[in-house]
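Everything on this sheet refers to the single structure shown next.
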Amino acid sequence: MKQLLILQFFVVSIMAQVTLDVKVLPRGADVYLDGKNIGSAPIKGHSVKPGVHEIKLDKNGYAPATHEIIVQDAKRLVADFVMNPMYTIKFRAKEKGYTFELNGEHSWSDEKIKLNLEAGAHRLRVYYLDELYDDQVIVADRNAEFIYTRFQPESGEN
């Protein structure tokens with residue numbers, strides 16, 4: 001009898017399906033479940049087995065996102081996500097000798113560079129000839145350009 005109950009539990013847990021709905025802001029994001037594209041958000045009525053699953057979200061102009069979900073044995077699971085927008089941020093140095101460092105991870109010394117940054121706060125350090133010139137937190141909330149120059153034009157006044 002005990003073996004029959006274990007077998008029945010095993011069969012039910014394998015056969016159980018949960019209806020998954022995925023809502024994403026913005027609408028139209030591509031949704032991948034365990035590496036397989038299941039469509040564009042919103043997703044309604046996708047069958048999934050209980051357990052741990054990975055959801056990846058992708059949409060042009062937004063930072064790709066990966067989430068782990070744990071699906072319990074239930075009738076329906078609604079998963080809501082919000083994707084973070086990306087902004088084009090340009091950095092320009094009017095003289096040679098600048099080195100830029102972003103979030104303590106990325107560094108460059110190009111005189112012009114264009115980056116796609118995820119919305120939010122980022123730490124920018126600027127060095128001139130290896131000495132700290134500027135240290136600030138920039139907030140990516142729109143497309144922007146940062147221009148660095150050590151020499152200010154003279155006002156022309158005598």
Side-chain angles (χ1 to χ4, degrees), residues 17-156:
Q17 293 286 311
V18 176
T19 301
L20 174 66
D21 295 346
V22 180
K23 298 177 183 177
V24 181
L25 285 177
R27 294 174 64 92
D30 290 325
V31 180
Y32 297 84
L33 180 66
D34 300 326
K36 180 182 174 195
N37 188 323
I38 61 170
S40 296
I43 304 288
K44 281 194 78 117
H46 186 81
S47 292
V48 64
K49 292 181 182 178
V52 178
H53 297 277
E54 181 181 80
I55 290 183
K56 289 186 180 181
L57 307 170
D58 189 45
K59 183 168 176 80
N60 192 27
Y62 291 83
T66 301
H67 302 278
E68 185 176 274
I69 62 170
I70 299 173
V71 177
Q72 302 290 335
D73 191 15
K75 289 185 178 187
R76 181 174 295 272
L77 171 64
V78 177
D80 291 312
F81 301 101
V82 177
M83 295 181 73
N84 215 1
M86 300 286 286
Y87 295 101
T88 299
I89 309 295
K90 297 176 185 177
F91 298 92
R92 186 163 48 124
K94 289 196 171 185
E95 298 92 33
K96 293 185 183 297
Y98 286 97
T99 302
F100 297 86
E101 178 186 283
L102 188 65
N103 297 329
E105 299 173 10
H106 310 288
S107 177
W108 67 92
S109 57
D110 303 39
E111 290 178 39
K112 288 183 183 180
I113 192 166
K114 179 170 68 170
L115 302 173
N116 290 321
L117 290 182
E118 186 172 348
H122 301 271
R123 184 167 189 178
L124 175 67
R125 285 186 171 168
V126 181
Y127 297 88
Y128 182 74
L129 300 178
D130 297 327
E131 288 190 30
L132 186 62
Y133 179 73
D134 188 21
D135 187 355
Q136 65 175 305
V137 173
I138 60 171
V139 177
D141 59 357
R142 66 190 187 295
N143 296 335
E145 182 172 17
F146 293 86
I147 301 172
Y148 281 86
T149 183
R150 286 182 38 88
F151 305 104
Q152 299 297 322
E154 293 184 23
S155 64

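Bear in mind that the values here come from a model prediction, so they are computed numbers and not experimental data.
The CG atom of Asn143 sits 10.5 Å away from atom CG of Leu117, with the distance rounded to the nearest 0.5 Å. The distance from atom NZ of Lys56 to atom CG of Asp30, rounded to the nearest 0.5 Å, is 13.0 Å. Atoms CD1 and CD1, on Ile89 and Ile113 in that order, are 12.5 Å from each other to the nearest 0.5 Å. In this structure, CG on Leu102 lies 6.5 Å from CG on Leu124, to the nearest 0.5 angstrom. Leu132 contributes atom CG, which lies 11.5 Å from atom OG1 of Thr99 (distance to the nearest 0.5 angstrom).
In this structure, Asp34 contributes its side chain and Glu54 its backbone to a donor-acceptor pair below 3.5 Å.
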TODO: Give the C-alpha distance, both sets of side-chain angles, the deciding distance and a yes or no for side chain to side chain donor-acceptor pair (under 3.5 Å) between Asp134 and Gln136.
DONE: CA-CA 7 Å; Asp134 188 21; Gln136 65 175 305; 2.8 Å; yes
Open item on the list: The test is side-chain contact (heavy atoms from CB on, under 4.5 Å); show your working for His46 and Leu33 and say whether it passes.
Closed with: CA-CA 10 Å; His46 186 81; Leu33 180 66; 3.8 Å; yes
TODO: Could you check Val24 against Tyr62 for side-chain contact (heavy atoms from CB on, under 4.5 Å), going step by step and ending with a plain yes or no?
DONE: CA-CA 12 Å; Val24 181; Tyr62 291 83; over 6 Å; no
- [ ] List the steps, then state whether side-chain contact (heavy atoms from CB on, under 4.5 Å) holds for Gln17 with Lys49.
- [x] CA-CA 5 Å; Gln17 293 286 311; Lys49 292 181 182 178; 3.0 Å; yes
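Nearest approach of Ile43 to Ile38, heavy atoms of both residues: CD1-O, 3.5 Å. The two atoms that bring Glu118 and Ala63 nearest to each other are CD-CB, 3.5 Å, heavy atoms only. Across all their heavy atoms, Met83 and Pro26 have their closest contact at CB-CD, 3.9 Å. Nearest heavy-atom pair across His122 and Gly120 is CD2-O, 3.2 Å. Contact detail for Val18 and Ala74: the closest heavy-atom pair is CG2-O, 3.3 Å. Minimum heavy-atom separation, Arg76 to Gly45: NH1-N, 4.3 Å.
Each of Lys112, Lys90, Arg92 was evaluated against Ile147; a single residue qualifies, Arg92, per the side-chain contact (heavy atoms from CB on, under 4.5 Å) test.
At a threshold of 4.5 Å between non-hydrogen side-chain atoms, the residues Asn37 and Val31 do not count as touching. Side-chain contact check for Glu95 versus Thr149: some heavy-atom pair is nearer than 4.5 Å. Residues Ile69 and Leu77 have side chains in contact (heavy-atom distance under 4.5 Å, counting atoms from C-beta outward). Taking the side chain as every heavy atom from C-beta outward, Ile55 and Val22 approach each other to under 4.5 Å.
A salt bridge links Arg123 to Asp135: at least one charged side-chain nitrogen sits closer than 4.0 Å to a carboxylate oxygen.
By the 6.0 Å contact criterion, CG on Asp80 is enclosed, its count of non-hydrogen atoms from other residues, nucleotides or ligands being greater than 12.
Between Phe100 and Phe91, the ring-plane angle classifies as tilted under the 30° and 60° cut-offs.
If you look at Tyr128 and Tyr98, their ring centroids are closer than 6.0 Å.
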